[in-house]
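Indexing begins at 1, ligand by ligand and atom by atom, following the structure's order. Index from 1, following the sequence.
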Amino acid sequence: MEHLNQPTRFQFASDNYAGICPEAWQSLDKANRGYASSYGDDPWTARACEKLRELFETDCEVFFVFNGTAANSLALAALCKSYHSIICHELSHVETDECGASEFFSNGTKVLLVPGQDGKVDLSAVEHTIKRRTDIHYPKPRALSITQSTELGTLYSVAELQAIGDFARQYGLRLHMDGSRFANAVASLGVAPKELTWQAGVDVLCFGGTKNGMAVGEAVVFFNHELANEFDYRCKQAGQLASKMRFLAAPWIGMLENGAWLHNAAHANNCALQLAEGLQGIPGVTLAHPCQANAVFLQLPPAVADGLRAKGWHFYSFIGTGGARLMCSWETRPEDVEAFISDTRELVQK
Ligand SMILES: *Cc1c(COP(=O)(O)O)cnc(C)c1O
């Protein structure tokens, strides 16, 4: 089977290219010793929920689902009725990478898009979207969805989140946070998770486990208890109720108990920062967005991008000619960061 493994070197394509971190793996192993009740009625799931309540320092409702698309779309469906609308950034994963799942699981709730610099929603654009029509012919805005850290590797500050929360309350919008890289945001901002969530008015957080080092699984965390009503039925109907739930839950216990969730994220963030700093000084290479989490967005001369690929480096370039996205994970090695920088420098000098 060895030959099936790609070398971890050369890999900046995505943080979900990484494997399972040791702490998550050990938790799976521990949970795999004998029988346990199914469908979440087991001690592992109870403990994982408890750990998440401790982390957020509040009595929240927690559900584990298989992936981020399910977490986001089911959470958003719980916030809206079919005649409502969800406002989000035009580059949000909800809009661009979930194949219409939010509309599907909410039975047609319309997603309305707003622009905003560096992947963050511009509140004046949100306000315009709400106010431009208030008649019965327009899908009534009911949810605002934001991503932390964003799809462009940037962050909302605590103050920005508070402003968004205040805004949402003022307009009667429920606030959803796509936190597929929430850990990276916490590690980078160095604040308590509650400051980025319920204290800022977030009603529901989709907390990513997969990109943080688990095999699979995201936690849907409702800070607003009322909105969690019958969410278990929603999960079941959508095929998201794991019968061997302990294997979705156990990694959370291991990773929260020994801090691996934060340590993994901090490592990924540091690698991204090293990349950004090393690449920035190279002529013809510019950062397209501030590097605030575990992603580096670059503009490269197209020949350099091609040259890097020819050397075997993997990265995404979906952002147009010469655009490159480098993602770091818990598994990124500092020596690979150095090697990428020196390969880039060499190609520029050619
Ligand atoms: C990866 C990702 C998700 C989750 O995607 P799935 O492939 O459905 O697990 C959600 N939001 C963002 C911003 C992501 O990058």
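A salt bridge does not link Glu151 to Arg181: none of the charged nitrogens lies less than 4.0 Å from a carboxylate oxygen. Here Arg133 pairs with Asp135 in a salt bridge; the nearest charged N to carboxylate O distance falls below 4.0 Å.
Although no hydrogens or angles enter the test, the distance criterion places a donor-acceptor pair under 3.5 Å between the side chain of Glu218 and the main chain of Thr210. No donor-acceptor distance shorter than 3.5 angstrom exists from the side chain of Glu127 to the backbone of Ser124, with no hydrogens or angles considered.
Ranked by closest heavy atom to atom 1 (C) of ligand 1, the top entry among Lys211, Glu218, Arg181, His93 is Lys211.
Of all atoms in ligand 1, listed by their number and element, those nearer than 4.0 Å to a heavy atom of Thr69 are 6 (P), 8 (O). Remark: ligand 1 atoms within the under-4.0 Å shell around heavy atoms of Thr147 are 13 (C).
Annotation: atom 11 (N) of ligand 1 to nearest protein heavy atom, Asp178 OD2, 2.6 Å. Of the protein's non-hydrogen atoms, the one nearest atom 4 (C) of ligand 1 is Gly68 CA, 3.4 Å.
In this structure, Arg309 satisfies the cation-pi test against Phe315, with its NZ or CZ atom closer than 6.0 Å to the six-membered ring centre and inside 45 degrees of the ring normal.
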